[in-house]
There are 4 protein chains.
Amino acid sequence: MRPKDETKREAILNAAMVLINTLGLAHTSMSKIAREAGVSPATIYIYFENKDHLLLTLYVEVKREMSRAILDSLDDDLDIRDAFRFMWENLYAYYLAYPDHFVFAEQFCNAPIADAVEEEEAKGFFAPFTHLIERGQKEGILKQVPMELLVAFAFHPLTQLAKQHVKEGIAMDDDGLEAAFSCAWDAVAAPEA
Amino acid sequence: MRPKDETKREAILNAAMVLINTLGLAHTSMSKIAREAGVSPATIYIYFENKDHLLLTLYVEVKREMSRAILDSLDDDLDIRDAFRFMWENLYAYYLAYPDHFVFAEQFCNAPIADAVEEEEAKGFFAPFTHLIERGQKEGILKQVPMELLVAFAFHPLTQLAKQHVKEGIAMDDDGLEAAFSCAWDAVAAPEA
Amino acid sequence: MRPKDETKREAILNAAMVLINTLGLAHTSMSKIAREAGVSPATIYIYFENKDHLLLTLYVEVKREMSRAILDSLDDDLDIRDAFRFMWENLYAYYLAYPDHFVFAEQFCNAPIADAVEEEEAKGFFAPFTHLIERGQKEGILKQVPMELLVAFAFHPLTQLAKQHVKEGIAMDDDGLEAAFSCAWDAVAAPEA
Amino acid sequence: MRPKDETKREAILNAAMVLINTLGLAHTSMSKIAREAGVSPATIYIYFENKDHLLLTLYVEVKREMSRAILDSLDDDLDIRDAFRFMWENLYAYYLAYPDHFVFAEQFCNAPIADAVEEEEAKGFFAPFTHLIERGQKEGILKQVPMELLVAFAFHPLTQLAKQHVKEGIAMDDDGLEAAFSCAWDAVAAPEA
DNA sequence: AATGAATGAGTGTTCATTCAT
DNA sequence: TATGAATGAACACTCATTCAT
């Protein structure tokens with residue numbers, strides 16, 4: 001008996017992501033994924049129960065890697081603003097380094113199939129971030145508004161910028177990042193006394 | 001030869017939107033659209049060249065309606081902050097009133113097929129908004145940063161919030177809106193002297 | 001709009017029967033049926049909901065034709081033995097004339113899929129026969145035993161004989177039929193006083 | 001090198017029979033058989049050359065067991081009628097005791113694949129029965145008609161009854177059996193002088 | 001303009017079988 | 001012997017689109 005081939009599993013996941021980004025979810029078929037991954041269509045079903053399961057797995061793994069890249073090296077002793085900035089820059093760097101992860105995640109999470117992801121599963125990866133916000137609010141540094149607002153302003157404009165930059169093949173320089181961060185920080189920071 | 005039936009055209013477009021929101025782009029076929037719209041598959045091809053054309057048309061029309069709802073009643077004489085707030089509230093109201101337009105647009109614009117939309121076509125609808133920003137920067141009221149930054153912070157967090165609220169079936173009350181707007185305004189407004 | 005083509009429907013049903021008799025239920029696929037019928041696989045689904053529905057329809061129609069051939073010309077005024085013999089000979093003649101109907105029915109009714117046939121639907125075709133038996137019992141000509149016994153002895157040996165004869169390409173002559181019928185009649189007839 | 005495991009072979013054959021009776025020949029695949037038998041698909045090929053060989057083997061073994069149950073204890077000294085009755089009751093008892101053997105055999109022998117069984121192989125098991133008939137004809141107790149007729153009337157109605165009873169989960173009592181046997185015997189017995 | 005019939009190419013998935021261990 | 005991995009071909013069925021009316 002041959003052992004399962006981890007590289008084959010990775011090849012399948014990666015082929016799926018590449019095709020979804022190129023052709024779209026709607027035109028990415030199992031046989032195209034198989035061809036791109038260099039395996040037989042039947043082989044995919046050894047590693048994944050069915051197409052939905054494959055896509056869902058891909059999404060969760062991408063999200064996990066994202067959170068790792070952004071949060072793993074987060075230092076709890078940093079003051080709020082520095083921690084915030086650290087994540088912000090990590091995130092933008094991640095988008096530029098793995099644009100396909102990011103493009104895929106954006107397409108996937110807006111499709112109804114994404115509803116099948118255990119909400120908490122994906123969200124859980126970002127727990128350290130929510131803790132940071134709570135700390136910031138307790139310390140009076142962040143605005144006393146619902147958490148979802150702060151998350152929306154902290155993350156989403158950056159995502160949108162990255163989407164444009166990835167599509168146009170450009171990137172912000174240090175000044176651009178600085179300017180963008182100042183917008184983000186002003187959005188979430190409590191007005192100074 | 002009867003003239004083309006405008007209500008039939010609308011029925012087709014609407015059926016497509018409903019199905020795409022329910023089943024996803026990937027599982028929305030021409031025959032399902034036909035069945036949902038109460039017409040024959042062949043009839044769709046009288047109104048639209050092919051599937052892509054139908055989807056693209058739908059997207060452009062949705063975007064046009066969005067911009068109309070938000071910008072048509074914009075008064076050029078309003079001061080920047082009031083104009084800004086006017087649009088902001090119009091936009092959130094639109095999301096709540098036509099969640100399917102909005103959910104569709106989000107799914108569609110993240111799929112590669114959206115690349116086929118004349119970039120400027122969709123953007124053009126929002127020209128009044130960019131003029132507003134330019135005026136705000138000239139007047140020193142908005143931050144002197146690239147326009148795309150201001151757009152990203154002005155629009156995108158709200159979109160994200162609306163997406164959550166639509167999915168969870170909730171809505172912000174006046175206080176919530178006030179808080180959210182203050183975040184947005186702080187993000188884009190020039191720091192006071 | 002083209003009208004549905006009845007000959008196409010017949011061609012599909014007949015192709016299915018031929019292939020099932022040749023290759024067996026297990027090796028008869030929709031694409032083989034399509035090829036044999038000279039239509040596209042997709043066309044089959046215009047006439048039949050799915051494979052099971054196609055097979056079930058085929059079975060019911062074959063049973064209907066069988067009962068028509070055997071019972072339609074049955075004369076209620078005949079005495080029991082003559083009526084019985086009339087049907088018996090009609091049935092054997094039918095088997096020889098339409099061996100494929102018969103071979104198909106035998107294979108199909110022994111497969112679990114046959115459980116899906118409305119029991120009464122197929123049985124109903126043979127109501128005239130059960131009425132005949134009841135009359136024969138009332139007149140004291142047939143044995144006073146459960147109806148299912150009489151049916152089993154009246155029909156099933158003949159079916160078995162026909163199965164062998166069809167397979168071996170032979171047929172009973174008049175003497176053979178006479179002998180066979182005398183066995184059948186002795187089985188069901190009440191012992192003479 | 002371990003010796004082949006007889007229980008494993010039995011498990012495979014039994015799994016095949018169970019699945020064929022449940023799902024039908026058409027939906028019984030090698031991997032389903034493997035799963036049901038608790039072995040790997042590859043293992044089946046150690047015991048059987050291929051799928052056809054497995055099915056054919058199963059059929060022959062079932063037929064062998066049937067003939068054993070019915071004929072092994074047959075006493076040549078019994079008079080014809082008693083011997084006949086002995087087998088008749090043994091056969092019905094067997095059907096009730098091993099309905100799955102019987103249901104399988106009926107499905108299988110009506111499928112074209114059964115043509116591959118050495119005709120004589122299966123028939124051979126029932127040689128004692130044909131000898132009995134020959135003796136009965138010589139003694140003038142059975143009708144002087146072709147043997148196949150007597151076999152058809154002796155066996156087939158009973159099979160048909162058993163099929164119904166197995167499906168409906170009922171069984172004949174002693175009176176029912178008596179009545180059924182009297183039909184069978186009248187069918188095959190020579191008319192009394 | 002409008003339709004249901006028709007289709008070849010494609011879908012996601014399972015098949016019988018073999019491979020490598 | 002026994003296995004799970006692996007596969008190309010096939011499966012039932014649907015696709016986007018065109019045809020004939």
Side-chain angles (χ1 to χ4, degrees), chain A residues 1-5 8-9 26-35 38-55, chain B residues 1-5 8-9 26-35 38-55, chain C residues 1-5 8-9 26-35 38-55, chain D residues 1-5 8-9 26-35 38-55:
Chain A
M1 154 184 83
R2 254 168 295 185
K4 265 192 200 174
D5 185 342
K8 216 163 261 183
R9 184 177 180 279
H27 298 102
T28 297
S29 68
M30 292 298 261
S31 39
K32 283 176 189 161
I33 293 172
R35 200 177 312 124
V39 301
S40 159
T43 302
I44 298 179
Y45 291 85
I46 294 170
Y47 294 89
F48 305 95
E49 202 177 319
N50 53 39
K51 192 184 184 183
D52 277 10
H53 184 67
L54 160 57
L55 298 182
Chain B
M1 188 176 85
R2 278 161 285 177
K4 282 192 193 177
D5 181 343
K8 215 164 262 187
R9 186 176 177 280
H27 298 105
T28 298
S29 69
M30 292 297 261
S31 31
K32 284 176 188 162
I33 293 171
R35 201 177 312 128
V39 301
S40 158
T43 303
I44 299 180
Y45 288 85
I46 296 169
Y47 293 89
F48 304 95
E49 200 178 321
N50 54 36
K51 192 183 184 186
D52 276 11
H53 183 64
L54 160 58
L55 298 182
Chain C
M1 167 194 64
R2 254 168 296 184
K4 266 192 199 175
D5 185 343
K8 217 164 261 185
R9 186 177 178 279
H27 298 102
T28 298
S29 69
M30 292 299 260
S31 40
K32 283 175 188 161
I33 293 172
R35 201 176 311 125
V39 301
S40 159
T43 302
I44 298 180
Y45 291 87
I46 295 171
Y47 293 88
F48 305 94
E49 203 177 319
N50 55 38
K51 191 185 184 182
D52 276 12
H53 186 66
L54 160 58
L55 298 182
Chain D
M1 187 177 86
R2 275 161 290 176
K4 283 191 192 175
D5 183 342
K8 214 163 260 184
R9 186 175 177 281
H27 298 105
T28 298
S29 69
M30 292 297 261
S31 31
K32 284 176 188 162
I33 293 171
R35 201 177 311 127
V39 302
S40 158
T43 304
I44 298 180
Y45 289 84
I46 295 169
Y47 293 90
F48 305 94
E49 202 177 320
N50 55 36
K51 192 184 184 185
D52 276 12
H53 183 65
L54 161 58
L55 298 182

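So you know, we letter chains A, B, ... as the sequences are listed, proteins then strands, and number each from 1.
K32(A) has a side-chain polar atom (N or O) that falls below the 4.0 Å cut-off from OP1 or OP2 of dT11(E). Between dC11(F) and S31(C), a contact under 4.0 Å exists linking OP1 or OP2 to a side-chain N or O. S40(D) has no side-chain polar atom (N or O) that falls below the 4.0 Å cut-off from OP1 or OP2 of dA2(F). For the OP1/OP2 pair of dA10(F) and a distance below 4.0 Å, the side-chain nitrogens and oxygens of S29(C) include no atom meeting the criterion. Side-chain nitrogen and oxygen atoms of K8(D) include none within less than 4.0 Å of the OP1 or OP2 phosphate oxygen of dT1(F). For the OP1/OP2 pair of dA6(F) and a distance below 4.0 Å, the side-chain nitrogens and oxygens of Y45(A) include no atom meeting the criterion.
For H53(A) and dT13(E), the NE2 to P distance is 12 Å, given to the nearest whole Å. Atom NE2 of H27(B) is separated from atom P of dC15(F) by 9 Å (rounded to the nearest Å). Rounded to whole Å, atom C1' of dT11(E) lies 13 Å from atom CD1 of I44(A). As a whole-Å value, the separation of F48(A) CZ from dG12(E) C1' is 16 Å. What separates CZ of R35(B) from P of dT3(E) is a distance of 15 Å, to the nearest Å. In this structure, K51(D) atom NZ and dA10(F) atom C1' are separated by 13 Å, rounded to whole Å. If you take CD1 of I46(D) and P of dT1(F), they are 6 Å apart, rounded to a whole angstrom. The CD atom of E49(C) sits 10 Å away from the P atom of dT14(F) (whole-angstrom rounding).
Nearest nucleotide to the N50(D) side chain, out of dA6(F), dT3(E), dT17(E): dT17(E). Considering only side-chain atoms of T43(B), the nucleotide from dT3(F), dG12(E), dA2(E) that sits closest is dA2(E).
For DNA chain E, if you chain together Watson-Crick or G-U pairs that step i with j, i+1 with j-1 and so on, the runs of at least three with distances under 3.5 Å are E:2-21 with F:2-21.
Across all strands shown, Y47(A) has heavy atoms under 4.0 Å from sugar-phosphate atoms exclusively, and none from any base.
Atom CG of residue L55(B) and atom CD1 of residue I33(B) lie 6.0 Å apart, to the nearest 0.5 angstrom. In this structure, CD1 in I44(C) is found 11.5 Å from CG in N50(C), a value given to the nearest 0.5 Å.
Closest heavy-atom contact between L54(A) and M30(A): CD2-SD, 4.1 Å. Contact between R9(C) and F48(C) at its shortest, heavy atoms only, is CG-CZ, 3.8 Å. Between A34(C) and S40(C), the shortest heavy-atom contact is CB-C, 3.8 Å. Between K51(D) and T28(D), the shortest heavy-atom distance links the atoms NZ-O, 2.8 Å.
Summary of the strand contacts: M30(C) and V39(D) both lie near DNA chain F, and taking for each the nucleotide with the nearest heavy atom, the more 5' one is attributed to V39(D). Sequence order on DNA chain E of the closest nucleotides to G38(C) and T28(A) puts G38(C) first from the 5' end. Nearer to the 5' terminus of DNA chain F, by closest-nucleotide assignment, is the contact made by P41(A) (compared with the other of A42(C) and P41(A)).
A cation-pi arrangement is absent between K8(D) and Y47(D) under the rule of less than 6.0 angstrom and at most 45 degrees off the ring axis.
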